Amino acid sequence: YQGDIFPDLVDGLSQSLLAFYNDLSRYHKRLTIIIMSEFGRRLKENESGGTDHGHGNLMFILGGNVNGGQIYGKWPGLSTQQLDEQVDLAVTTDYRTILSEILAHRLGNTNLDFVFPGFTGYSSLNLVRAGDLPH
């Protein structure tokens, strides 16, 4: 039943983000908004007719120094053979890579191993420009 509910939820989210962003127009160059969820979705329907408890997810990044207008990451495809365990989108980008880039380029914090202990997979995706670092 997600086809009936999801469009209105996405519309509500986008309208709320637009209003929030516009309200903070004076700060666009210093503003970086990340929308993410730890709740993944399956591509294929589960036994109860839903798509919960999967890997598929995405992140939105909004701000004046965001290199936007594109999708970052690898696209593995949607055929059954390309899915993780034949039901989930394959994870192609660790969320810590994206958050590390925001920390390093937007906040000037390069102590990524302190923030994400044991994470060694950071490589810049060129998601954001450094811009004006906060004082």
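Since we're looking at a predicted model, the values are computed, not measured.
Under the side chain to side chain donor-acceptor pair (under 3.5 Å) criterion, Q82 pairs with S79, sequence neighbours left out.
Taking CH2 of W75 as the start and OG1 of T92 as the end, the distance is 9.0 Å to the nearest 0.5 Å. The CZ atom of R129 lies 8.5 Å from the NZ atom of K29; values are rounded to the nearest 0.5 Å. Atom CG in L107 sits 7.5 Å away from atom OG1 in T32 (nearest 0.5 Å). Note that CG of N67 and CG of N126 are 5.0 Å apart. Values are rounded to the nearest 0.5 Å. Atom CD1 of I5 is separated from atom CG of L9 by 7.0 Å, given to the nearest 0.5 angstrom. A distance of 9.5 Å separates CG of L89 from CG of D84, quoted to the nearest 0.5 Å.
Side-chain contact between I98 and M36 is absent, with no heavy-atom pair separated by less than 4.5 Å. Considering only heavy atoms from C-beta on, L43 stays 4.5 Å or farther from V87 through its side chain. Between I35 and M59, the closest side-chain pair of non-hydrogen atoms is not below 4.5 Å.
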Before you tell me yes or no, could you show the steps for I33 and I61 under side chain to side chain contact (heavy atoms under 4.5 Å, CB included), namely the whole-Å CA-CA distance, both residues' side-chain angles and the distance that decides it to 0.1 Å? CA-CA 6 Å; I33 302 169; I61 303 173; over 6 Å; no
Check against side chain to side chain contact (heavy atoms under 4.5 Å, CB included), V128 and I102: CA-CA 7 Å; V128 294; I102 302 301; 3.7 Å; yes
Chi angles and distances behind the side chain to side chain contact (heavy atoms under 4.5 Å, CB included) call for F60, L58: CA-CA 7 Å; F60 296 107; L58 59 97; 3.3 Å; yes
Verify side chain to side chain contact (heavy atoms under 4.5 Å, CB included) between L125 and T93, making sure each step is shown before the conclusion. CA-CA 10 Å; L125 297 173; T93 306; 4.1 Å; yes
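For Q70, the CD atom sits in a packed shell: over 12 heavy atoms of surrounding residues, nucleotides or ligands are nearer than 6.0 Å. Enclosure of atom CZ in F119 by more than 12 non-hydrogen atoms of other residues, nucleotides or ligands within 6.0 angstrom is indicated. Heavy atoms from other residues, nucleotides or ligands lying under 6.0 Å from CD1 of I71 number 12 at most.
Residue pairs meeting the side chain to side chain donor-acceptor pair (under 3.5 Å) criterion with at least one member in residues 94-104, sequence neighbours excluded, are D94-R96, E101-S124.
Annotation for V66 and L62: closest pair CG2-C, 3.6 Å, computed over non-hydrogen atoms.
Using modelled atom types, one side-chain atom of H28 and one backbone atom of Y21 make a donor-acceptor pair closer than 3.5 Å.
V115 and L99 fall within a single hydrophobic cluster, where Ile, Leu, Val, Met, Phe, Trp and Tyr are joined by side-chain heavy atoms under 4.5 Å apart, directly or via other members.
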